[in-house]
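Worksheet: the structure to be examined is printed underneath.
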Amino acid sequence: MIKKELLGRWTTEKSEELYGIKNWSAGYFNISAEGEVTISPFGCKSDVNVSLMEIISGIRQRGLDMPVLLRIENLLDSQITHINESFRKAIRELNYQGEYRGVYPIKVNQQQQVIEEVAKFGQRYHHGLEVGSKAELIAALSILNDKEACLICNGYKDEEFIDLGLYAVKMGFKCFFVVEIPGELELILQRSEALKIRPNIGMRIKLSSKAGGHWTESGGDRSIFGLNTAQLMEALDLLKSRNMLDSLKLLHYHLGSQIPNIRDIRSAVVEAARIYAGLVKEGAPMGHLDLGGGLAVDYDGSNTNFSNSRNYSIDEYCVDIIEIVQSVMNEENIPHPTIVTESGRVTVAYYSILICNVLDVARFEITQIPETPPEQSHDLIKSLYYILKTMTLKNIQECYNDALYYRDEIREHFKHGKISLRERSFAETVFWNIISIIAKEKKKMKQFPPDLSDIESAIADIYYCNFSVFQSVPDHWAINQLFPIMPLHRLKEMPERYAVIADITCDCDGKIDSFIDLHDVKHVLQLHEPSENEDYYLGIFLVGAYQETLGDLHNLFGDTNVVSVRIYPTGGYDFVREIEGDTVADVLSYVEFNPKQMLLNFRETAEQAIRDGNITADERRHIMNAYDNGLRGYTYFEK
Ligand SMILES: *Cc1c(COP(=O)(O)O)cnc(C)c1O
């Protein structure tokens with residue numbers, strides 16, 4: 001063991017670099033001298049660090065199984081503070097005359113606990129909520145009580161939704177209806193007249209500015225929501241004709257989520273600021289400019305305009321927005337509006353980590369092959385074998401091409417019955433020997449042929465991990481989003497294996513085989529050889545935004561256990577909340593099974609087995625116990 005460490009001279013610094021933790025963690029995660037991932041919720045000003053392995057051991061002692069979604073409450077607080085303080089600083093330094101009011105869009109993570117904490121931590125900044133449906137409005141009204149905070153109602157609204165929003169206005173909430181489609185306005189005016197409550201109206205606009213990136217589709221002329229300028233003028237005229245222009249108080253747009261390029265953000269702000277000015281000149285009181293979401297998270301830590309990154313900091317984002325709005329308003333001679341943003345992703349992404357254990361590894365191992373091919377082998381096999389024996393650094397590309405050719409030919413001959421099963425198996429072994437030699441040789445080459453760029457992934461180990469991609473990281477499956485993934489311990493040791501990750505759904509899409517990298521996307525992840533006597537833990541980071549509620553019940557893997565931790569500035573921490581994940585009975589009842597009836601049915605089947613003489617009554621008891629325990633158990637792999 002010692003010898004190996006000396007040989008590898010691996011250090012925690014090397015792990016830091018390999019997994020890029022300093023680049024993507026925003027200072028919240030580090031590696032300790034012991035080689036474990038730690039959480040530093042108070043940033044570099046404080047030396048409070050809590051080891052994730054220590055938390056895992058606490059979770060284990062409390063009897064909860066993996067996978068666990070770990071929430072670090074403080075990180076919500078820190079992110080809300082970060083956004084608000086950045087805007088305040090920009091406003092101060094540029095001498096902007098308006099204010100900033102953030103709102104948290106509930107859809108990004110609707111867990112009651114999250115919204116409650118946003119309301120609690122956000123109170124000192126009057127951070128409000130954004131809702132996109134009736135259900136979200138009802139949720140928001142049960143939690144929000146700050147009358148200074150904004151409550152922004154987006155989404156398609158029916159009468160019930162509108163009435164509830166109007167009552168909120170009457171109760172003193174700063175509740176805005178954002179008109180998403182032209183037809184909505186008439187209904188708002190009707191309900192307002194009926195209830196005799198004057199609404200605060202906002203208009204959502206379609207900008208001509210568009211943004212690049214995975215999720216950004218709301219911008220541009222063809223976006224599904226928002227009014228174009230002609231519709232905007234019609235709406236304005238309708239308000240005028242009904243003597244309701246004084247209700248128009250907000251302009252809104254949302255370009256889409258995760259906008260990686262600051263240029264797209266800037267150009268949208270310029271356009272929206274001009275439209276805002278136009279509305280003021282038409283006589284609308286306005287006062288609020290709502291720029292929607294889009295503030296991106298740097299998932300891969302590359303600080304570029306790649307779709308999983310962003311080429312700007314939160315500070316730059318704030319300064320750019322304030323600067324642009326200020327200069328347009330000054331030019332147009334219009335008072336500076338209150339700036340509203342609806343950042344969801346950046347508020348909650350950092351706060352959750354999915355922790356899972358590795359259950360098994362399918363190693364890529366090549367079997368030794370005999371010195372000579374079997375007697376009377378087919379010529380194709382001899383040729384393949386010849387490649388193995390004559391390969392050098394110089395002819396590596398040629399060998400690779402030939403090996404592929406012979407392997408495919410051999411498979412074809414096998415299908416036609418011209419090559420035996422044993423011969424084919426020998427050929428496959430030779431082929432994988434060739435590939436693994438090429439992969440080894442490639443490391444010595446300064447430059448290698450492009451064909452070989454991904455060869456490591458062909459010979460990677462498969463690490464089977466106790467989680468479901470579909471339930472816990474659905475965006476990886478759906479849109480190939482990258483999340484930082486790394487071991488939570490053993491970071492003083494060199495990770496010697498090259499791996500891809502498989503979940504336990506047994507679905508061929510239930511895997512992770514693209515990983516963050518500073519310059520590219522990696523197709524293998526370096527991991528440690530799991531040891532016999534200790535569980536090996538991986539963390540999937542930055543999963544707090546969108547993943548939880550987009551997740552589904554593929555293969556009936558349900559919600560994971562959830563544990564929330566609060567860390568104190570003195571260094572201590574508490575387990576503040578535990579939510580047990582779904583049981584098998586829970587997920588079955590989601591798809592309309594009735595667990596009680598299932599037990600009855602199965603009991604009947606077992607009783608029949610007694611009648612048929614297959615089992616004894618005593619055996620029935622054991623079988624029924626097993627079935628019952630299964631129903632009550634966790635849907636994931638239990639120890
Ligand atoms: C989804 C959404 C947001 C959140 O965007 P993020 O990029 O997560 O900050 C904000 N506003 C509206 C209208 C949305 O639909």
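When a residue number appears, it is its place in the shown sequence, counting from 1. Here the structure is a predicted model, which means the values were calculated and not measured. Whatever order the structure lists ligands and atoms in, that order sets their numbers, starting from 1.
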_side chain to side chain donor-acceptor pair (under 3.5 Å) involving Arg88 - partner list, sequence neighbours excluded_ = none
*Under 4.0 Å to a heavy atom of Glu130 - the qualifying atoms of ligand 1, by number*: 13 (C)
*Measure from NZ or CZ of Lys249 to the centre of the six-membered ring of Phe176 and say whether it is under 6.0 Å with the direction within 45° of the ring axis.*
no
*With a 4.5 Å limit on heavy-atom distance, are the side chains of Asp586 and Asp559 in contact?*
no
_Heavy-atom contact check, 4.0 Å cutoff: does Tyr546 meet ligand 1?_
yes
*For atom 11 (N) of ligand 1, which of Arg345, Glu342, Gln258 has the closest heavy atom?*
Glu342
_Could you tell me, atom by atom, which parts of ligand 1 come under 4.0 Å of a heavy atom of Asn154?_
13 (C)
*Identify the closest protein heavy atom to atom 1 (C) of ligand 1: which residue and atom is it, and at what distance?*
Lys107 NZ, 1.4 Å
*Steps toward salt bridge (Lys or Arg N to Asp or Glu O under 4.0 Å) verdict (Glu548, Arg71)*: CA-CA 12 Å; Glu548 277 180 60; Arg71 298 190 177 131; 2.6 Å; yes
*Could a heavy atom of Ser343 be found less than 4.0 Å from some atom of ligand 1?*
yes
*With heavy atoms of Gly294 as the reference, note each atom of ligand 1 found under 4.0 Å away.*
5 (O), 6 (P), 7 (O), 9 (O)
*Does a donor on one side chain and an acceptor on the other come within less than 3.5 Å for Asp146 and His126?*
yes
*Look at atom 6 (P) of ligand 1 and say which protein heavy atom is nearest, naming residue and atom and giving the distance to 0.1 Å.*
Ser257 OG, 3.4 Å
*Qualifying salt bridge (Lys or Arg N to Asp or Glu O under 4.0 Å) pairs, either residue in residues 316-326, two or more places apart*: Arg266-Asp320
*Using the side chain to side chain donor-acceptor pair (under 3.5 Å) rule, take Glu85 and Tyr125 through it: C-alpha gap first, then chi angles, then the decisive distance, then the call.*
CA-CA 9 Å; Glu85 289 296 336; Tyr125 299 110; 2.7 Å; yes
*What atoms in ligand 1 come closer than 4.0 Å to a heavy atom of Gly344?*
6 (P), 8 (O), 9 (O)
*Pick one of side chain, backbone, both or neither for how Pro105 approaches ligand 1, counting any non-hydrogen atom pair under 4.0 Å.*
side chain
